[in-house]
**Student:** 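Here you go, one structure.
What you see is a predicted model, and the numbers here were worked out from it, not measured in a lab.
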Amino acid sequence: MKIANKKVTAERLVKDALAKAKHFADYNIFTYLNEEGALKRAREIDARIARGEKVGRLAGVPYALKDNFLSPEGETTASAHILQGFTAPITATAVKKLEDEGAIMIGRTNLDAFAHGSSTENSYFGPTLNAYDRERVAGGSSGGSAVAVALDIVEFATGTDTGGSIRQPASFNGVYGLKPTYGCVSRYGVVAMASSTDCIGFFTKTPEDMDLLMSVASGRDPKDLTTLDDYYNVSSNAESDDSRAFATTGAIDEASPVTTGASEEANEASDSCVRIGIIKEFDNDSVDKEIRNALKHKCELLKSKGHEIVELEMPALKYALAAYYIIVPAEVASNLSRYDGVRYGFRSENSEDLDALYSNTRDEGFMPENKRRIMIGNFVLSSGFYDAYFLKAAKARTLIVKEYEKAFKQCDYILTPVAPNPAFKLGEKVNDPVAMYLEDVMSVPLNLAGVPGLTIPAGKTKTGLPIGLQLVGPRRSDKSLIEFSKELQEDD
Ligand code: GLN
């Protein structure tokens, strides 16, 4: 709004953001800086304001775009060698909606190649450094986006969350990060990882900004048939049936006191007693002591505000990590089959015949973690093992969906850690895939169930590393979830 009031020009904001991006170059946040394009757009917006024309709700706001969103500005690489040289012919729906409101993309951010990872160390361009400790990981896969917001380069950044890739880097860098309800924001034009769990969301510094971005980005998109009706902005149709969005598990949204996402109800919720569930199974010694203390501290705060803490038993969540690392690689293997050296980006020099072209391109173009997932995915889908692995995992997923439905009969929201540890050291886990996967134990259950989760900054460790907690709600509760997160704010 500062811009529309002519207090500052869009050009000034964009120049400042670009200067900051360059100042922090050694954090390896950006894979591409959109200098010319961003300045051009800024000048256009300033000219429109000077002419007294109406501008959008995000007019002149600089933002960073995770490099797995398609748009013709710069190459879309998903931080993978195999996509180098690929310039998208289309614009992702989410990007189009942001830009229609006047937001200005100043750069594309680094990620684990194809979003496979929890540290941004699997990027072809090397790791992004943590905003608070340069010897530690940024988290991942959306590490670049989280650090761009944490270092105040941009007001907000986009992310994708398939199993925690927004919430975990948000918690490692002390910012807000939302994984919306599955289907709330269109996935059209975003490089697919696992289509049944991929969600588009944002990193921001405040809940208010998150709400604004969600009101811009959410809604049905004819180009993504898994999108839901625009319940985020329209409360009256919140009860409509959206079961088709979860055809893979047969999960059906059940009515719950806070599933409507209506702002009036959200306000009411914050004024009256809200029941917050705490998951018993997550309170154990494998979770960092300071994170457990931060959770206890927030529970006390909520109680002091008149809310109620409810202890939940959710035994089915113990299957979530195993189910996730079967279902997701299966979908990954399928989604990555299109990169063959013919249609997109990089092609191997060693391509004497067609088979060699395919296999050498894929061998040279994918990162080791990408290949690991392709192999696991094809294995669990193969005819001899499908029943033992994929089908079992799909059944476990249904149990997890039901477990959340049951939990949300006992409470309105759930509060848990985002990850068992704060940001770990660069190099500490990257050569031990299982140790890396274990970091996802608290974030992946939400993606399997399709429910929303918001990372909330919750103080720092004694050594100064950010701690994040996630507030989880029933499907379609995104708006009230963001509103309720304000109850957890304090001056710390
Ligand atoms: N860390 C998780 C994984 O490696 C989640 C990644 C994501 O959300 N894109 O699968």
Side-chain angles (χ1 to χ4, degrees), residues 24-31 66 79-80 109-153 157 159 161-175 177 203 282 284-295 321 325 367-370 372-373 416-444 455 457-470:
F24 290 116
D26 50 352
Y27 282 77
N28 200 24
I29 297 165
F30 291 96
T31 57
K66 186 178 181 181
S79 293
T109 59
N110 198 19
L111 62 144
D112 289 295
F114 288 108
H116 302 173
S118 315
S119 68
T120 314
E121 290 167 292
N122 295 331
S123 165
Y124 183 67
F125 304 114
T128 297
L129 311 186
N130 185 282
Y132 286 79
D133 181 343
R134 295 153 55 101
E135 287 176 7
R136 291 180 185 265
V137 299
S141 64
S142 318
S145 282
V147 177
V149 175
L151 291 177
D152 218 8
I153 296 170
D161 191 312
T162 301
S165 279
I166 293 176
R167 288 162 287 145
Q168 185 254 31
S171 80
F172 282 12
N173 294 282
V175 296
F203 295 88
F282 286 172
N284 61 58
D285 289 338
S286 62
V287 184
D288 181 274
K289 191 106 192 53
E290 290 186 90
I291 294 179
R292 287 164 73 192
N293 286 341
L295 179 61
L321 195 68
Y325 276 101
M367 298 295 282
E369 184 60 30
N370 306 141
R372 190 174 293 124
R373 295 192 189 210
T416 82
V418 179
N421 296 296
F424 44 90
K425 287 251 166 76
L426 286 157
E428 192 181 319
K429 297 183 197 280
V430 69
N431 296 317
D432 183 350
V434 174
M436 190 74 91
Y437 298 168
L438 282 170
E439 287 298 302
D440 301 336
V441 64
M442 291 155 169
S443 55
V444 301
T455 290
K460 304 238 168 63
T461 64
K462 282 191 204 77
T463 56
L465 297 175
I467 294 176
L469 297 175
Q470 64 182 336

**Student:** Please give me the minimum heavy-atom distance between Val287 and Met442, naming the atom from each residue.
**Tutor:** CG2-CE, 3.4 Å
**Student:** From Glu135 CD over to Glu428 CD, what is the distance, rounded to the nearest 0.5 angstrom?
**Tutor:**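 Those atoms lie 11.5 Å apart.
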**Student:** Nearest 0.5 Å, please: how far is CZ in Phe125 from OG1 in Thr109?
**Tutor:**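 That separation rounds to 11.5 Å.
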**Student:** For side-chain contact (heavy atoms from CB on, under 4.5 Å), just list the numbers for Val434 and Asp432, CA-CA rounded to whole Å, side-chain angles, deciding distance to a tenth of an Å, and then say yes or no.
**Tutor:** CA-CA 6 Å; Val434 174; Asp432 183 350; 4.1 Å; yes
**Student:** Looking at every heavy atom in both Ile29 and Gly144, which two are closest together, and how far apart are they?
**Tutor:**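 In this case the closest contact between Ile29 and Gly144 is CG2-O, 3.2 Å.
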**Student:** Is Lys425 salt-bridged to Asp133, cutoff N-O under 4.0 Å?
**Tutor:**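 Result for this pair is no, no salt bridge flagged.
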**Student:** Rounded to the nearest 0.5 Å, what's the gap from CG on Asn130 to OG on Ser119? Could you check?
**Tutor:** 11.5 Å
**Student:** Counting distance only, does the side-chain N/O of Ser142 pair as donor-acceptor with the main-chain N or O of Gly159 below 3.5 Å?
**Tutor:**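 Not a single qualifying donor-acceptor pair exists.
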**Student:** Between Leu438 and Leu321, is there a side-chain heavy-atom distance shorter than 4.5 Å?
**Tutor:**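 Yes, side chains in contact.
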**Student:** Do Phe114 and Arg373 have side chains that approach each other closer than 4.5 Å (heavy atoms only, starting at C-beta)?
**Tutor:** no
**Student:** Okay, side chain of Arg136, backbone of Ala423: is any donor-acceptor separation there less than 3.5 Å?
**Tutor:**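 Looks like yes, one N/O pair under 3.5 Å.
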**Student:** Going by atom types alone, do Asp440 and Gln168 pair a side-chain donor with an acceptor below 3.5 Å?
**Tutor:**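 Side-chain D/A pair, Asp440 to Gln168: absent.
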**Student:** Is there side-chain contact between Glu439 and Pro420, with at least one heavy-atom pair below 4.5 Å?
**Tutor:** yes
**Student:** Going from OG1 on Thr31 to CG on Leu111, what distance comes out if it is rounded to the nearest 0.5 angstrom?
**Tutor:** 7.5 Å
**Student:** So which heavy atom on Ala150 is nearest to which on Ala131, and how close?
**Tutor:** CB-CB, 3.7 Å
**Student:** Do you know which of Asp112, Thr120, Asn110 makes side chain to side chain donor-acceptor pair (under 3.5 Å) with Thr128?
**Tutor:** Asn110
**Student:** Any idea which heavy atoms bring Val175 and Val149 closest together, and the distance?
**Tutor:** CG1-CG1, 4.0 Å
**Student:** Please walk me through it: do Phe30 and Ile153 pass side-chain contact (heavy atoms from CB on, under 4.5 Å)?
**Tutor:** CA-CA 11 Å; Phe30 291 96; Ile153 296 170; 4.1 Å; yes
**Student:** Answer yes or no: are there more than 12 heavy-atom neighbours, outside Asp285 itself, under 6.0 Å from its atom CG?
**Tutor:** no
**Student:** Quick one: sort the Phe424 and Phe172 rings into parallel, tilted or perpendicular, breaks at 30° and 60°.
**Tutor:** perpendicular
**Student:** Nearest 0.5 Å, what's the CD-CD distance between Glu121 and Glu369?
**Tutor:** 11.5 Å
**Student:** So, Thr461 versus Glu290: side-chain donor-acceptor pair below 3.5 Å or not?
**Tutor:**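 Glu290 and Thr461 do not have a side-chain donor-acceptor pair below 3.5 Å.
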**Student:** Apply side-chain hydrogen bond (donor to acceptor under 3.5 Å, both in side chains) to residues Asn122 and His116 and explain how you reach the verdict.
**Tutor:** CA-CA 7 Å; Asn122 295 331; His116 302 173; over 6 Å; no
**Student:** Does Lys66 pair with Asp161 as a salt bridge, N-O distance under 4.0 Å?
**Tutor:** no
**Student:** Taking the side chain as every heavy atom from C-beta outward, state whether Tyr132 and Lys460 have any pair of such atoms under 4.5 Å apart.
**Tutor:** yes
**Student:** Walk me through it: do Thr455 and Ser171 pass the test side-chain hydrogen bond (donor to acceptor under 3.5 Å, both in side chains)?
**Tutor:** CA-CA 6 Å; Thr455 290; Ser171 80; 5.5 Å; no
**Student:** A side-chain contact here means heavy atoms from C-beta on lying under 4.5 Å apart; do Arg372 and Pro433 qualify?
**Tutor:**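 The answer is yes, as the side chains (C-beta and beyond) meet within the 4.5 Å cut-off.
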**Student:** Say whether, by atom type as modelled, one donor and one acceptor occur between the side chain of Asn28 and the main chain of Gly126 under 3.5 angstrom.
**Tutor:** yes
**Student:** Under the ring-ring contact (aromatic ring centres under 6.0 Å, His included) test, which residues partner Tyr27, sequence neighbours left out?
**Tutor:**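 Listed in chain order: Phe24.
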**Student:** What's the spacing between Ser79 OG and Tyr124 OH if we round to 0.5 Å?
**Tutor:**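 Nearest 0.5 Å value for the OG-OH distance: 11.5 Å.
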**Student:** Pro466 and Pro422: which non-hydrogen atoms are nearest, and at how many Å?
**Tutor:**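 Scanning both residues, the minimum pair turns out to be O-CB, 4.2 Å.
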**Student:** Compare every heavy atom of Ser165 with every heavy atom of Ala115, then report the nearest pair and how far apart it is.
**Tutor:**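 Heavy atoms of Ala115 and Ser165 come nearest at O-OG, 4.2 Å.
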**Student:** Within the side chain of Asn173, is there an N or O that forms a donor-acceptor pair under 3.5 Å with the backbone of Ala170?
**Tutor:**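 Pair absent, no side-chain N/O of Asn173 close to backbone of Ala170.
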